[in-house]
Structures are given as structure tokens and as C-alpha cells.
Amino acid sequence: MAKTLAGKVALVTGGSRGLGAAIALRLAQDGAAVALTYTSSPQKADEVVRVIEAAGGSSLAIRADSADVEAIKHAVTETVKTFSRLDILVNNAGVATLAPIEQFSMDEFDRLIAVNVKGVFVATQEAIRHMGEGGRIIMIGSVNSDSTPFAGLSVYALTKGAIASFTRGLARDLGPRGITVNNIQPGPIDTDLNPADGPFADGLKKIIALGRYGQSDEVAGMVSYLASPEAAFITGASLKIDGGFTA
Ligand code: NDP
């Protein structure tokens, strides 16, 4: 049986670790050639590429800080230059800062907006220059855009709320071109950003209906579905994958 994404090309921002690495591996397993960006972990990015290539796939790691407009534009150009097209953009790179609002510095505020919002806008605007009918934009937002279960998350929630709104507007902008835009909103997922044995884990597990953290592979499965031809009629949606965290 043909793989669902055979012949497609994907770009995953922040693909060296965590959710992004699992998403890159899954899209490659589905048959796509996958470019991924990273900022600080070249070895981890190279390892994702190595695993994909060892399984017979094609992959490319590109250092590109999502806060740097020119670096993102370069990442899109490199992807298209290397693989000749671009069908799927996964806006995954994101940063979180947990701090009391009274002490939230302007520099941190600007950094969260730059990576989580402006970087997504730039990557999307560049990517759609190359996308045709059947193109896919997939955001990795957060349940925190709708629900912030404890203090200190307001700026992060603000950025992820912006992504949910941007997704709806973009669905209207790009619908006529046959490009879908969707926003996956994970709850607590076990990564370096939010380890299942970290300082908040016990409190969080108590309010997750399933009583456990999610795994990156589980989110990657949802990305795989949204990227597939089967999901062609889903657009403008924010879809939660949170183990009942917000149930
Ligand atoms: P991690 O911190 O584990 O991994 C982050 C990834 O993004 C790394 O590959 C990192 O690259 C890359 N990255 C970080 N900053 C930048 C940047 N400025 N430019 C380019 N790449 C960057 O995070 P997660 O995998 O947990 O999170 C991925 C996404 O999922 C984020 O958008 C996050 O907000 C969202 N999310 C995560 C949840 C969770 O519980 N884990 C829950 C809800 C949403 P490098 O290795 O080079 O540093």
C-alpha cells in the first residue's frame, strides 16, 4: 500500500527534540521528505535526520531561530531548493516562560511573541508562496489558549490564543486555494519543556482525566492525520489532545 504522504515535502519548525522530533519522524514514516529547524541542538537535529535516512527517507536539518525573520525565510527557501516543493508546514517551535505577571520582563514578553507568534506568521507567509492545492498548515498551539489551570502562564496563553485566532483567519484566506489550516492544542505532553517527572507534574496529573501525561508520538499521530488526504475537509479547527485535561 502506498504511504499516505508519498511524494510530499514537509517543514517542521523546532524538529530537533520533543514534539517536533516525533512529528518529523512520523511524517517521514508516512512517506514525506522532511526538513526540520532547530536553534541550539545540532546533534539532536542531526540524529533525527540520521534516523529518517536510515529508514530510507529524506531529511534535512536547518539551523533557524524562529525569532529571526531572515532565518525562517532561508529555511523555507532551503527546503524548497532541496526537495523541489513544499506541501506541509508544521509550526511547532515554541517557548514558554512561567512567571508572575508583575515580574514578567519586557524582553521575555518580546521573545515569546517573536517565537510563538511572529515566527509562525513568517513561516506561514513564506511557505504558502510554494504551496498548491492540498497544502497543509498545522499549528502546535496549546490547551492553555482556552484554559490556564494555574497562575504564571498568561503570556504563554496569550501567544497560543493568538495562534487559535490566526488559524481561523488563515482558513478563510487559504480555503479558496485548497490549503487547510488547523491548530492542534496539546495538554501536558512529556518533553523537555514539560517533563512528566517535573515540578508541576503531580499537580497536573491530578486534573488530567486519564491521569497521565501524553506522549509526543500521540501528538505526532494527530499531525499525521491532519496532513493526510483524508483530512481534506477539516480547516480552521482547533483540536485538543489533552487526555481530558480540560474535560
Ligand atoms: P521542547 O522544549 O521539548 O522542544 C522545543 C523544540 O523547539 C526544540 O526542537 C527546539 O530546538 C525548538 N526551538 C525552541 N526555540 C526555538 C526557536 N527560537 N527557533 C527554532 N526552534 C526552536 O518543547 P515541546 O516539544 O514540548 O513543545 C513543542 C511545541 O508544543 C511548542 O510550541 C509548545 O508550546 C507546544 N506545547 C507543548 C506542550 C507540552 O506539554 N510539552 C503542551 C502544549 C503545547 P533546539 O533543540 O535547537 O533548542
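Both counts, for ligands and for their atoms, begin at 1 and track the order of listing.
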Requested in this report: For the residue pair Thr167 and Asn183, confirm or rule out a side-chain donor-acceptor distance under 3.5 Å.
Outcome: no
Report task. Mark the output for Tyr213 as yes if a heavy-atom distance to ligand 1 is under 4.0 Å, and as no if none is. Result -> no
Query raised in the report: Any heavy atom of Lys44 sitting closer than 4.0 Å to ligand 1?
Result: no
Report task. May I ask whether Gly141 has any heavy atom positioned less than 4.0 angstrom from an atom of ligand 1? Result -> yes
Requested in this report: Return yes or no for this condition: an N or O of Ile189 is under 3.5 Å from an N or O of ligand 1.
Outcome: yes
**Report entry** Part of Ala64 within contact of ligand 1 (heavy atoms, under 4.0 Å)
**Finding:** backbone
Query raised in the report: Among the heavy atoms of Lys160, does any lie under 4.0 Å from an atom of ligand 1?
Result: yes
Query raised in the report: Is there a heavy atom in Gly187 that sits closer than 4.0 Å to ligand 1?
Result: yes
Query raised in the report: Is a salt bridge present between Lys44 and Glu47, judged by a nitrogen-to-oxygen distance below 4.0 Å?
Result: no
Query raised in the report: What part of Val115, side chain, backbone, both or neither, has a heavy atom within less than 4.0 angstrom of ligand 1?
Result: side chain
Query raised in the report: Taking the six-membered ring for Trp, are Phe104 and Phe109 parallel (under 30°), tilted (30 to 60°) or perpendicular (over 60°)?
Result: perpendicular
**Report entry** Ala96 touching ligand 1 at heavy-atom level, < 4.0 angstrom
**Finding:** no
